[in-house]
There are 2 protein chains.
Amino acid sequence: MKPTIYDVASKANVSIATVSKVLNNSGRISDETRKRVLKVIEQLNYQPSMMATALTGKSTYTIGLLIPDMANPFFGELARNIEDRGHELGYNLLICSTDYQPAKEQNYIELLKRKSVDGIILASGFEQTSEVDKLVKEKFPVTIVARDFPSTYVNSVSLDDFQGGYEATSYLIQLGHRQIAIIARDVWSNRERMRGYKKALEDHGLEEYAMFTFVEKSTVEWGKKVAEEYLRSEKPPTAIFACNDLLASGAIQAARTLHLHVPDDVSIIGFDNTIIATLVDPQLTTMAQPIRAMGREVMDLMVGEIKKEEQSKRRIVLSPTLIKRGSTAKLNK
Amino acid sequence: MKPTIYDVASKANVSIATVSKVLNNSGRISDETRKRVLKVIEQLNYQPSMMATALTGKSTYTIGLLIPDMANPFFGELARNIEDRGHELGYNLLICSTDYQPAKEQNYIELLKRKSVDGIILASGFEQTSEVDKLVKEKFPVTIVARDFPSTYVNSVSLDDFQGGYEATSYLIQLGHRQIAIIARDVWSNRERMRGYKKALEDHGLEEYAMFTFVEKSTVEWGKKVAEEYLRSEKPPTAIFACNDLLASGAIQAARTLHLHVPDDVSIIGFDNTIIATLVDPQLTTMAQPIRAMGREVMDLMVGEIKKEEQSKRRIVLSPTLIKRGSTAKLNK
DNA sequence: CGAATTTGGTAAAGCGCTTTACTGAACTGA
DNA sequence: TCAGTTCAGTAAAGCGCTTTACCAAATTCG
């Protein structure tokens, strides 16, 4: 079977305490003994069990990541960047997809705690703050990403979604558009983007587009469905702001179905700047999220909290960047 | 702090053994005591620590997943499906991205073992079988997915890549193409697909396309780069078989750059049928992998092996399906 | 040269749980 | 009525590690 610390100890003719000290570079050990123990460890290919170590109060070096859906390119990329930074710092990820279901979120949090993760990164929907508050109250390390929690005293790194919505919309306005529709899902980030959208319209003395329905899921299909409704209506929009690239792709498909040209007949702007944005034709003008930076920052905050290096909480808010590509153009009437 | 089994025991006036029995539904407990204990558990919101449980020889209900890159849509989707089935069966995933680097693969395997995962699912490259053989030898539960290991006695679920390559190529031939190029990466699955490609050509008395270079990574950029080289050559291919959808998307972009129309000037066929295939324009004709089935099957095999329900190993080989979309057409000369 | 200190190492408790063996009380039945 | 069963529950060992005392031998110093 797998060798234990006892095997090492007896083969090296020392006590397990000594082996433990060699392992952790603690206490006093003569150079000679240290080498002997190290050699035996090598020979047996001994690897201390993290379970046992964790049971004595040490870290598991495992962090839980709650994410809506890792098959969604945005979250896949985000998870990947979080993982990479974690790897650099010696941590692994236990990833759980929640599908935005509060029940799943709740269950997973309990589960992750039972599995003694060192901390939890929340990239999920979390419409209520109660679960998060609970974690914070019991001093369990939590960090939030891609979702701001203004109300709670917790580490977070998020995007300025409001600004993103504002800029995206402003850009469309600047291109001459007056009838600007929005496609969004009823989740926090999208609502913020929508708030930005409304503010931009208001600031320019424009009216919100008459039609609006939330999509139920952030998928191409839903984007297509809703965009089609908009475009088939009596007064179709000349521009559509889709709250993510998937929805924007759907909007492009809708336009194509209706034999409308993008961007000449209708401009479409997306959000996220995932790989998708460069794949579709025309390529998507989109508000880019700094996914890599977000991943790294959130992991850094998490580890800082775990190691208690940083007592005070921080809220890091990153800015989106407008990436101009082919899906938007000046209004030609 | 977190309540332990001792807290429950003392509050319920029983021994920890009794609590343990209530928890595991083992041994004899009177209904009265059981209820009392259960009530205390509820009150304290007690959750047994999986670390401690695992230390006594029980499962951790955690499975390691080694995958090249979860930001790659194919692997993202695969991971998601594996996770879903795992969730149904009570398992979580510790996911590690290896970037096809053998060193990372090796390290992660050691790490996962130290973390006492119940088993490891390998979706990674693994050009050498040695690490896998080692796991098998020490009876550590391993299952391989999306990668066949004909030589080793191990559970696996894979795609018939050879057949996929053969069918994709045959389809192009059937459409009248004679100059068929291939874009592939030097990894096992791609080599198999290439073998199918060659066999199909041979069976139809056709010659392999004169040019060929492996891409270094399976990215849009590489697909574009290589496709451009092919299409710019003196005798450009009339059809390109790209070994995955990302590469195929790159090929479409290359064609567009050269003002060639897809599919009229050049037909392009992909592989995987990820979300990407429906996003690009024209939509990709592609060999679909049954990603969902693969995810479920591999998790089932894994759990079967962990629970020792199934002694004998199985190799499950699934068939790809040709999905005809807009990126391929009859050769018009 | 003897007391104080340093050095190198060990014994044992404890982390939170499972499980085996055991016990005393209540219940059988001839 | 009393030995034999069943029942309900407990004590204690053990899983693989860390850590706190603690100790004997070697070294230092006044």
Side-chain angles (χ1 to χ4, degrees), chain A residues 1-41 44-62 110-118 140, chain B residues 1-41 44-62 110-118 140:
Chain A
M1 252 349 296
K2 250 194 126 196
T4 74
I5 200 171
Y6 288 94
D7 301 323
V8 176
S10 71
K11 187 156 184 191
N13 283 314
V14 292
S15 72
I16 61 166
T18 305
V19 178
S20 178
K21 284 181 181 158
V22 171
L23 249 24
N24 300 291
N25 275 313
S26 61
R28 330 167 162 299
I29 303 287
S30 73
D31 235 46
E32 194 198 351
T33 330
R34 174 189 307 283
K35 277 186 184 137
R36 183 153 38 94
V37 171
L38 248 20
K39 207 168 122 196
V40 173
I41 287 178
L44 297 180
N45 187 26
Y46 166 72
Q47 303 268 66
S49 151
M50 284 204 150
M51 296 282 109
T53 308
L55 198 57
T56 71
K58 297 211 150 183
S59 277
T60 54
Y61 291 98
T62 303
E110 291 301 328
L111 192 64
L112 290 171
K113 280 175 20 188
R114 297 208 334 154
K115 292 204 173 175
S116 309
V117 294
D118 291 342
F140 194 92
Chain B
M1 256 346 299
K2 252 194 125 196
T4 73
I5 199 172
Y6 288 93
D7 302 322
V8 176
S10 71
K11 187 157 185 190
N13 283 315
V14 292
S15 70
I16 61 165
T18 304
V19 177
S20 178
K21 283 181 181 157
V22 171
L23 249 23
N24 300 290
N25 274 313
S26 60
R28 333 166 160 296
I29 303 287
S30 73
D31 234 46
E32 194 198 350
T33 331
R34 172 188 310 282
K35 276 186 186 138
R36 183 154 37 94
V37 171
L38 248 21
K39 206 169 125 198
V40 173
I41 287 178
L44 297 180
N45 187 27
Y46 165 73
Q47 302 269 64
S49 151
M50 284 205 150
M51 297 281 109
T53 309
L55 199 57
T56 70
K58 297 211 153 182
S59 277
T60 55
Y61 291 97
T62 303
E110 291 302 327
L111 193 65
L112 289 172
K113 280 175 20 188
R114 297 210 326 151
K115 292 203 173 176
S116 309
V117 296
D118 291 344
F140 194 94

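Labels below follow one simple rule: chain letters A, B, ... track the order of the sequence lines, proteins then strands, and each chain is numbered from 1.
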Side-chain touch L23(B)/I41(B), heavy atoms, less than 4.5 angstrom =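 The answer is yes; the side chains approach within 4.5 Å.
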
ask   = With sequence neighbours left out, what residues match Y61(B) under ring-ring contact (aromatic ring centres under 6.0 Å, His included)?
value =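 Checked Y61(B) against ring-ring contact (aromatic ring centres under 6.0 Å, His included); matches are Y91(B).
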
Using whole Å, what does the distance between atom [atom2] of nucleotide [N] and atom [atom1] of [X] come to?
X: R28(B); N: dC22(C); atom1: CZ; atom2: P; result: 16 Å
X: N13(B); N: dT10(D); atom1: CG; atom2: C1'; result: 14 Å
X: M50(A); N: dC15(D); atom1: CE; atom2: C1'; result: 18 Å

query = Does a side chain donor of either K115(B) or T62(A) reach within less than 3.5 Å of an acceptor in the other side chain?
reply =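 Side chains of K115(B) and T62(A): pair found under 3.5 Å.
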
inquiry  = Over the length of the helix from dC1(C)-dG30(D) to dA30(C)-dT1(D), how much do the five-pair end axes diverge, rounded to 10 degrees?
reply    =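 Axis-to-axis angle, ends of the helix: 50°.
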
query = For S49(A), which residues count as a side chain to side chain contact (heavy atoms under 4.5 Å, CB included) partner, sequence neighbours excluded?
reply =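 Testing S49(A) for side chain to side chain contact (heavy atoms under 4.5 Å, CB included), a comparison that skips the adjacent residues, returns M51(A), A52(A), S116(B).
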
remark   = B/S/- along nucleotides 16-29 of chain D (protein heavy atoms under 4.0 Å) is BBBB----------

query = Any idea which heavy atoms bring V8(A) and Y46(A) closest together, and the distance?
reply =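 Shortest heavy-atom contact: CG2-CG, 3.6 Å.
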
request  = Can you see which heavy atom on M50(A) is nearest to which on T60(A), and at what distance?
outcome  =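 In terms of heavy atoms, the two residues are closest at SD-O, 3.9 Å.
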
request  = Just grab all the salt bridge (Lys or Arg N to Asp or Glu O under 4.0 Å) pairs involving residues 15-36 of chain B, residues at least two apart or on different chains.
outcome  =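 Applying salt bridge (Lys or Arg N to Asp or Glu O under 4.0 Å) to every pair that reaches into residues 15-36 of chain B, excluding sequence neighbours, yields D31(B)-K35(B).
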
request  = Can you tell me which residue pairs pass the side chain to side chain donor-acceptor pair (under 3.5 Å) test with a partner in residues 9-18 of chain B, sequence neighbours excluded?
outcome  =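 Output for this query lists K11(B)-Q43(B), S15(B)-T18(B).
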
